[in-house]
Amino acid sequence: MEIRPLEELRAADDLSLAFNPCGLGGRMRPEDATEFQQWQIADCDLAEGVAAGTRNSFERLRTVFAYSVLCYDVYTMVGDQALLIYEQALRDRFMEWCSGTITFRLPQAPDVSYTVTSYDDVKKRADRMMRQRAKLVVDTHAIEFNGMLHGLRLWARTAGLLRGRRSRAVEDALAKLRNYVAHPSGHHVDTPVGAARTVRDLAELINQLWGQATPDERLYPAPLHREITVLSWNGSGQARMEPAGALTAPDPMEDHESDEYQYVVVRAIPFIPGSRSNDAHWAEFDTRYETTRFPTDYLWGRAPARRPVRGWSRSAPRGTASTSPTGCSSSRTAGACCRRYGRR
């Protein structure tokens, strides 16, 4: 082993400096790289009720991740350790769920309950009951339970702690990666991007186990809030999304220039700059087909500028249209928008 001086250990790793906000390329300054990498997982906060053991292990990951700029191999160590904490979180949540008592259902005998004080007790009891073909009772269901990662994942799904079909596939992938880390067959190297993604996925999974969805994330996102918004388009094919306050009642004392824009009122996910939940397909809204990323409900339209405010104000609370759309008299491009926005 080469003994390196402290000054050399404090120097940033050139490989770490190559990862920047634009991707992989020019080297960043060590100070900027350190701040940038920490921001990748800075918002991965756990719910208040998470077990102390899981929380301490996760916070240790975030602390060590900050030192990855000094040693590129730390990214791999953080990613691997995050996969191992996956099972620790399931074990800690299981102990809270069972409250010290687990029940098994035998094939030809009444249900039996056992007192457990640690997960080691759970694993030993599960091994014995598996030999008797007994199943763990979870609410109104009985599942095969071996006390290992597969059994814990099946329990979490049956108990309703984990949800989603897409997230199930990610859970399968995390389980396979965890098994590879626990039983390695070769050397591997992770990247800052991969390590940060694993930590973020772990934070989402832990929060979901303790009943808290993660807003604006990819595995167990919190429900999106829809608002009443205004979609508009003109003869040149330009389309806009604006808040409901963009429609105002006309002032009869003022002269208003003609506005070529046509308007419809919908209930949709509002556009927020920088948000991961923005609907990139909002301009393709069509009342006849589901063409947007998230559900978008037609409420009112089509009408010229500043005209729909009175009818919309009456119909919006009920979520119904107050008038029937008319034909399009604009150009061909605008006619396409009318078919999308204003015809049911």
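Looking at Glu87, its side chain never comes within 3.5 Å of a backbone N or O of Met148 through a donor-acceptor pair. Under the 3.5 Å distance criterion, the side-chain polar atoms of Gln38 are matched with a main-chain donor or acceptor of Thr34. Formation of a donor-acceptor pair under 3.5 Å by the Gln40 side chain with backbone atoms of Phe36 is found in this model. Not one N or O on the side chain of Arg293 forms a donor-acceptor pair closer than 3.5 Å with the backbone of Asp279. Formation of a donor-acceptor pair under 3.5 Å by the Asn146 side chain with backbone atoms of Met130 is not found in this model. No donor-acceptor pair closer than 3.5 Å links the side chain of Ser57 to the backbone N or O of Thr54. Checking side-chain atoms of Arg166 against main-chain N and O of Arg218 turns up a donor-acceptor pair under 3.5 Å. Of the possible polar contacts, none joining the Trp233 side chain to the Gln238 backbone as a donor-acceptor pair under 3.5 Å is found. Arg62 places a side-chain N or O within donor-acceptor distance of the main-chain N or O of Cys44, the cut-off being under 3.5 Å.
With 3.5 Å as the limit, one finds no donor-acceptor pair spanning the side chains of Tyr114 and Arg128. No side-chain N or O of Trp210 forms a donor-acceptor pair with one of Glu48 less than 3.5 Å apart. When only modelled atom types and interatomic distance are considered, Ser113 and Thr101 share no side-chain donor-acceptor pair under 3.5 Å.
A 4.5 Å side-chain heavy-atom check between Ile143 and Lys135 finds every atom pair outside the cut-off. Between Val122 and Arg125, every side-chain heavy-atom pair lies at or beyond the 4.5 Å cut-off. Between Phe58 and Leu202, the closest side-chain pair of non-hydrogen atoms falls below 4.5 Å. A 4.5 Å side-chain heavy-atom check between Arg226 and Asp297 finds at least one atom pair inside the cut-off. Side-chain contact between Val74 and Val64 is present, with heavy atoms from C-beta onward closer than 4.5 Å.
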**Report entry** salt bridge (charged side-chain N to carboxylate O under 4.0 Å, His left out) evaluation trace for Glu144 with Arg133
**Finding:** CA-CA 8 Å; Glu144 295 183 358; Arg133 298 183 179 180; over 6 Å; no
Query - Check against salt bridge (charged side-chain N to carboxylate O under 4.0 Å, His left out), Lys124 and Asp120 - result: CA-CA 6 Å; Lys124 293 177 182 178; Asp120 289 339; over 6 Å; no
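Across Ala213 and Arg163, no two heavy atoms sit closer than the pair CB-NH2, 3.5 Å. Annotation for Thr198 and Ala82: closest pair CG2-CB, 3.7 Å, computed over non-hydrogen atoms. Nearest heavy-atom pair, Ala18 versus Arg27, reported as atom, atom and distance to 0.1 Å: CB-NH1, 3.6 Å.
Partners of Trp97 under the ring-ring contact (aromatic ring centres under 6.0 Å, His included) rule, at least two apart in sequence or in another chain, are Phe94, Trp155. Take Arg29 and apply the salt bridge (charged side-chain N to carboxylate O under 4.0 Å, His left out) test, not counting sequence neighbours, and it matches Asp32. The ring-ring contact (aromatic ring centres under 6.0 Å, His included) search around Phe65 returns Tyr75, not counting sequence neighbours. Applying the side-chain contact (heavy atoms from CB on, under 4.5 Å) criterion to Asp139, with sequence neighbours excluded, gives no partner residue.
Taking Ile, Leu, Val, Met, Phe, Trp and Tyr as hydrophobic and joining them when side-chain heavy atoms fall under 4.5 Å apart, one finds Tyr180 isolated, its cluster having no other members. Hydrophobic cluster membership of Phe294, counting Ile, Leu, Val, Met, Phe, Trp and Tyr whose side-chain heavy atoms lie under 4.5 Å apart directly or via other members: Leu224, Ile269.
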